[in-house]
Structure formats: C-alpha cells, structure tokens
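As the structure is a computational prediction, the values presented were derived from the model and not from experiment.
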Amino acid sequence: MKKVLRVLAICIIGIHSTYGQVFPETFTSSVCSNCAPSGYSIVSGEPAISNIVGYPGVSWAFGVPEPPSKNEVLFPNANGVFVSLKSIGNQSAKVSVVSGGFVPGFQYTLKYYVLSSKEQSTHYGTSATLRVATTDQFPAIIATKVTTFDASNIHQWLLQELTFTATNAQLEFTLYGACNAGTGYVNFDIYSRPFTCKIPGGQVKFIRDSDVTPFSCATENLYENVQLPIPPGAQVIWKKNPDVAWGTLTTQQASQASPLPVGQYYYAFYKGENISYECYNTEMSSAAFSFNVTETQATLKSNSAAINCVDQSSFNLKSQEAQSPYEVRWFNNDSHVGPMIADPTQAPIGSYYAFYFNPNGNCYSTNKALLSSAFSVTAATICCNNPNNPSSQIALSGSNANIACPMQTADLTSFLPQPLSLPPNTVIEWFTSPDHTTGKVDNPAAVTTGTYYVFAHDLTYGCYNTNVSTSYINVTTPCAAPELSVSLDIDGLNFNEGAERDFVINLHETAGFGTNGNVSFRINKIGAFDITYPTSSGVSGVFGGINNTNGNWSFSEDDNFITASSNVALPASSVSVIGFKIKRKADKPAGITQNLTAVIVTNSGGEKNGYNNAVVTAVSTN
C-alpha cells in the first residue's frame, strides 16, 4: 500500500508541476456567435465559441476533430468547444485576456493548440497569431507566435509553444488570424494550465558541492552550501532525485539532512517563491551535493607512554590527542562498550582506546578502534610491578644448574631469558635469600653449591621487581668425575705398496680424577689397510719409540671395529698409550684415502662429558 501511495503522490506532484499557473480557458462558454470565452474581451470582429460542427450561422465544410482540452485529466473541456476567429484577409476577429501572477525576469512557455477550418463556400485560414504584450497605456509587445497553415496541416490541431520572459506581473494575450484569399477561420484551444515556467540563472551554484562526516548521526544544513545571490523571486529547494517531479524536502529536512550512501546525492533547484504555480530553473538538476560518512579513527600524537610509579602514578591521555574539531572519548576496550574513562587526564597503567564522538547525535566515528587509536600506559620502572603478581617474577629457563665437567662452578646468567628487556638503569642481581636482604652474589657467572634467587633492581629509585623472589637456581655439589680425551700419533699418513707403520692411541685424563670402572675405546676397520695390535706392553715405533701399555688392555673384534678395554683404572692426570700397527693391503691401488677413527665409548670410567671423545685421521695409498 505504501508503494501505491508513493506512486500516486509522484503523479500528483507531476500534474501540479505541468499544470501550474491558472490561465483563462477558451472553453468556459457554450457555443455562441459574436462572443468570447469567460474572462476574454472582444477586440475586433465577431469571434465565436464553436464545436466540431460549427456555431450559429456557420457550419464547417469538413469534420473538425475534438479539441485536445477535452481529454485533459484535470478540468476537461467537457463540451468540446473552442474559440473561432473569422478572418477576411488581414482583418480578423480578435480576442484578448489579461493574466497575472508572472514574475519579472522568469521565462515562461505557453502551450496551446490552433486549427484552420472553413465553411463550404470559404477558404481556410492561413495563419494564427498569439501575441503577448504589456498592459500599459502604450503596450509593449513582448513576444509573438505566428502559425502558418498549408495543405499539409489543415483540419488538425497543431500544438504550439510561445516562450517569453515576463516583464510585468500582468500581461495581455491577444489571439487572431488571417486569410490570404477571401474569408477563412482559425481556431484556438487553450487549457487553463498551459504554462511551463523556467527561472533564469541556470543550475544552482554551490560554495562547495560535497561534505564528509565521520558520524552517521551528523546532519548538514544544505542551504549553507548554496552560492549567493539567487535569482530574484526564487527560493532554493532540495530533492533526493534530479527529476523536478520528485518529492521536495521540507525546510527542516534540508537544514538537518542526514548522510547518504556513497553514490547518492541531494539535488538543488530554484523554485518560484510565494507564487501560486510551479516554476523551476530546470526539469533535471545537475546541482548535486554529496554528503557521505567516512569511518574515521581518532588521531593520536603517539601510542604509548611510560610512568615510573614513584613520582608518576598516572598519565594524561588528553595530552596525546591530535588537534581535531571532534570530541574525543576514551575507553578501556576497542568497541566503546561500557562506561568511558571518567578522567582521561589521570589514567593508570593499562590499555586505552580513543574515539571521536558526536554529542548532538550521540554516535561515534567508528565502532572498532584500530591500533593507531590505541594508547598504552606502561611501567617505565619495576617500581610499578605488583609484587604479588606472578608475572612480576623473572622467568628463568630452569631451576637446577647443569655443570659441565671439568668445571667446578655454575653460571647463573645462562638461565636468564634471552633477550632480556629491562627498564633503564635496572640490573639483575642474585641473592642467597629470597627477600634480597642477605647473600648478594658478587660473581653470578661462577657460583658454587647453593640456592640463588634472582631480582631486577632499579638503581634510580631503589626498588626491586618483587619483594620475594620465587625464581631461583639450585646448584648442586660440583662434579668430581674424570675427563677423558683421545689423540692419535703416527709418523706418516701416506703408504707405498707393502708399507707398514706403528701408530698409538693416547687417552688423556684432564680433570684430575682417576677413572671409575673400565675405560673402552674402539677403532674402525678400513678396507684398504689391515690393523693389528700386540697384547702385551712394549715399544711402538712412533716418534723414535714410545712405551705402550697394551698389557693393561683387553682386545676384541667384529667385522667393523677393534675394541680395547682397560684392565686397570686410569690414574688422575695421566696419559695411557695403546699401540697398533697399520699396513697397506697388497691388492689395493694407489689413490685411496680413508679415515681412521678412534672413539672413547660413552660414560667409560665414569666420565660425564663426551664432547672430546673422538679423533679422526686420514690415511692414503701412494
């Protein structure tokens, strides 16, 4: 139903626009001779009111079509009558009418119909004239329209238009005809609303043709964007469509216009002011004003600040607002949900979000604040820490020291988080007491047995990250285990055919502790050489002769390795020498290089560290 009513409203507006000014009709009287329509005056001759048949004393020789005004929607010419003007040469019956309501300077177009007719014994009228003049004592002719008839257009109503610019509020309209040869007739059919009106000055001009607002609830006074002056006798009206037939905004609607979606506009027209008919500057307006919403984030000077919590307990958020015509409101969430920050000038540590706010419409410039509109008040010092908050503790990578032998001390700093971020002039300190009252550690990189608690200490303000530390390292008794390493000595690494050499494996104990249990190592077998060994102690031919301890070792083999295991413990800080022989195999060609590897078996003799338990030596055939 609403759609139907809207269409009907548009139709009525269109009718009112088309049939605006009331003009004396030519069909307000019945058929008569030597008469004029109501409101008209006889200027000369004997005008008449006729119909398609004729009028008293005159019958048309051929049928005359019904006048167009008979089919008008409003106030139709029910009797189908019209004005007939008889002409003898240039001597024509004339009628005139005075009409008012014109605005000087406005352009008007009068639409009317004319028809040429004849009696059986007469000629057709050859021209019909409509003249517009002032009503002064000495009238001035403003405009004249002469319609000429010929064989192609007789016996039909011809639509005519006469455009003129009004010079006075009242004007006189005179109707007459002519017949070049003898007697003829011309006829006029003028409806009561024949005018279209055009205000001069072209399209409405703007100071600016667009505006953007961050607020969906904002309004715009459209009138303030119109460039002055406007044509005399006119006013500016606004529509949401460029067609003049569209509905007009009320003054209040235009002065408080809401934003439109992108691509839609408000259209301005000049309209005749305080007149009884519709008069516009144009039927289609190109004076389009754009008023849109652009979601806008509040602009800040920066996005973070730090306070020390000693002489600064809060921060002034207002100081970070960039210059703006909009009110700024602060919230502790990015969706302006719940109460706003009551006093942004005293904001404690936390995260805050700024929004532009329109108090007139009670709306925000965005529903979701981005990080550019976020502000973080952080702790510049550990004095701001909550000592009861677990997050105030320094998170260590472990709680027990893993001493790598033969080292006898632990490095507490290796358990600190990396990277470690500390406020300015703040250091890490270790204590043997959990409340940093006693036992400060001078060298945390080398501590012995004990439990050590870590703290962050602000040297500027004297405060610690927490009163009691729950982050600690337990350092157990330093290790007392042997440390073994292996090396290989040989006089040459290149072997001719049939060559054989001695080589020795040296086992070094470097920690100062004798071994606990058997020590084992193994040598890999390599394909181009045979490796053998004596089972008793003797002298190996290396570096001119070296005593070996083979008698203290047991040997075993498999397809891949030779394994030697000690029968006695290796003394502290000793070197044990085990001798072997290596010989190039007779069937192996020159150019072969292979790695001879000796490896101490893991945990041999109670050793805990295996980082230096292998030696690799490359031997080649010549």
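- A distance of 9.0 Å separates OG1 of T250 from CD of Q256, quoted to the nearest 0.5 Å.
- Of the possible donor and acceptor atoms, none in the side chain of T460 sits under 3.5 Å from a partner among the backbone N and O of D458.
- Ring centroid separation for the pair Y266 and F291 does not come in under the 6.0 Å cut-off.
- With hydrogens and angles left out, the side-chain atoms of T174 and S96 include no donor and acceptor closer than 3.5 Å.
- Checked by atom type and distance alone, the side chain of N168 never pairs as donor or acceptor with a backbone atom of Q170 at under 3.5 Å.
- If you check the side chains of T147 and Q160, you find a donor sitting under 3.5 Å from an acceptor.
- Ion pair E220/R208 flagged as a salt bridge, since at least one NZ, NE, NH1 or NH2 atom sits closer than 4.0 Å to an Asp/Glu carboxylate oxygen.
- With rounding to the nearest 0.5 angstrom, the CD1 atom of I230 is 8.0 Å from the CD atom of Q235.
- Counting non-hydrogen atoms of other residues, nucleotides and ligands closer than 6.0 Å to CG of N90 gives a total of 12 or fewer.
- Looking at heavy atoms from C-beta onward, Y267 lies out of side-chain contact with M284 at the 4.5 angstrom threshold.
- When the shell of 6.0 Å around CD of Q156 is examined, it contains more than 12 heavy atoms from other residues, nucleotides or ligands.
- Rounded to the nearest 0.5 Å, atoms OG1 (T378) and CD1 (I349) are 7.0 Å apart.
- Checked against a 6.0 Å centroid threshold, the rings of F215 and Y356 do not count as neighbours.
- Side-chain polar atoms of E172 and T135 form no donor-acceptor pair below 3.5 angstrom.
- Note on ring orientation: taking the six-membered ring where Trp is involved, the planes of Y112 and F188 are parallel (angle under 30°, cut-offs 30° and 60°).
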Quiz: residues 73-83 side-chain donor-acceptor pairs under 3.5 angstrom, not counting sequence neighbours:
from, atom 1, to, atom 2, distance (Å)
N77, OD1, G80, N, 3.0
N77, OD1, V81, N, 3.3
N77, ND2, S69, OG, 2.9
N77, ND2, V81, O, 2.7

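- Remark: side-chain polar atoms of T126 are paired, donor with acceptor, to backbone N or O of N180 under 3.5 angstrom.
- In this structure, the side chain of H123 does not engage the main chain of K118 through any donor-acceptor pair within 3.5 Å.
- Although no hydrogens or angles enter the test, the distance criterion places no donor-acceptor pair under 3.5 Å between the side chain of S304 and the main chain of S376.
- The aromatic rings of F164 and Y108 sit parallel to each other, their planes meeting at less than 30°, with 60° as the upper class boundary.
- S391 and N389 share a side-chain donor-acceptor pair at under 3.5 Å.
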Using the rule given for side-chain contact (heavy atoms from CB on, under 4.5 Å), can you reason through V186 versus V114, listing the C-alpha separation, both sets of side-chain angles and the distance that settles it, and then say yes or no?
CA-CA 7 Å; V186 295; V114 294; over 6 Å; no
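- Panel note: side chain T366, backbone K368; a donor-acceptor pair is recorded below 3.5 Å.
- By the 30° and 60° cut-offs, the orientation of the rings of F206 relative to W238 is parallel.
- Around CD of Q252, the count of heavy atoms belonging to other residues, nucleotides or ligands within 6.0 Å does not exceed 12.
- For the residue pair T109 and E161, no side-chain donor N or O sits within less than 3.5 Å of a side-chain acceptor on the partner.
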Could you walk me through whether F106 and C279 pass the side-chain contact (heavy atoms from CB on, under 4.5 Å) check?
CA-CA 9 Å; F106 283 19; C279 192; 3.5 Å; yes
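- A distance-only check finds a donor-acceptor pair linking the side chain of N358 to the backbone of N360 [under 3.5 Å].
- With T28 contributing its side chain and S38 its backbone, the two residues share a donor-acceptor pair below 3.5 Å.
- Put simply, CD on E295 and OH on Y364 are 14.5 Å apart, with the number rounded to the nearest 0.5 Å.
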Assess whether disulfide (SG to SG under 2.5 Å) is satisfied between C309 and C384, documenting all intermediate values.
CA-CA 5 Å; C309 296; C384 298; 1.8 Å; yes
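- Ring orientation note: the planes of F375 and W330 are nearly perpendicular, at an angle over 60° on the 30°/60° scale.
- When all heavy atoms of S372 and N303 are compared, the closest pair comes out as O-ND2, 3.1 Å.
- Taken to the nearest 0.5 Å, the OG1 atom of T163 stands 9.0 Å off from the CG atom of L110.
- Side-chain polar atoms of T345 and N316 form no donor-acceptor pair below 3.5 angstrom.
- Counting heavy atoms from C-beta on, the side chains of S285 and K239 never come closer than 4.5 Å.
- Distance check: K86 NZ to C179 SG gives 11.0 Å after rounding to the nearest 0.5 Å.
- Heavy atoms from other residues, nucleotides or ligands lying under 6.0 Å from CD1 of I42 number more than 12.
- Below 30°, between 30° and 60°, or above 60°: for F62 and Y124 the angle between ring planes is below 30°, a parallel geometry.
- With S87 contributing its side chain and A178 its backbone, the two residues share a donor-acceptor pair below 3.5 Å.
- With hydrogens and angles disregarded, no donor-acceptor distance shorter than 3.5 Å links the side chain of S192 to the backbone of E25.
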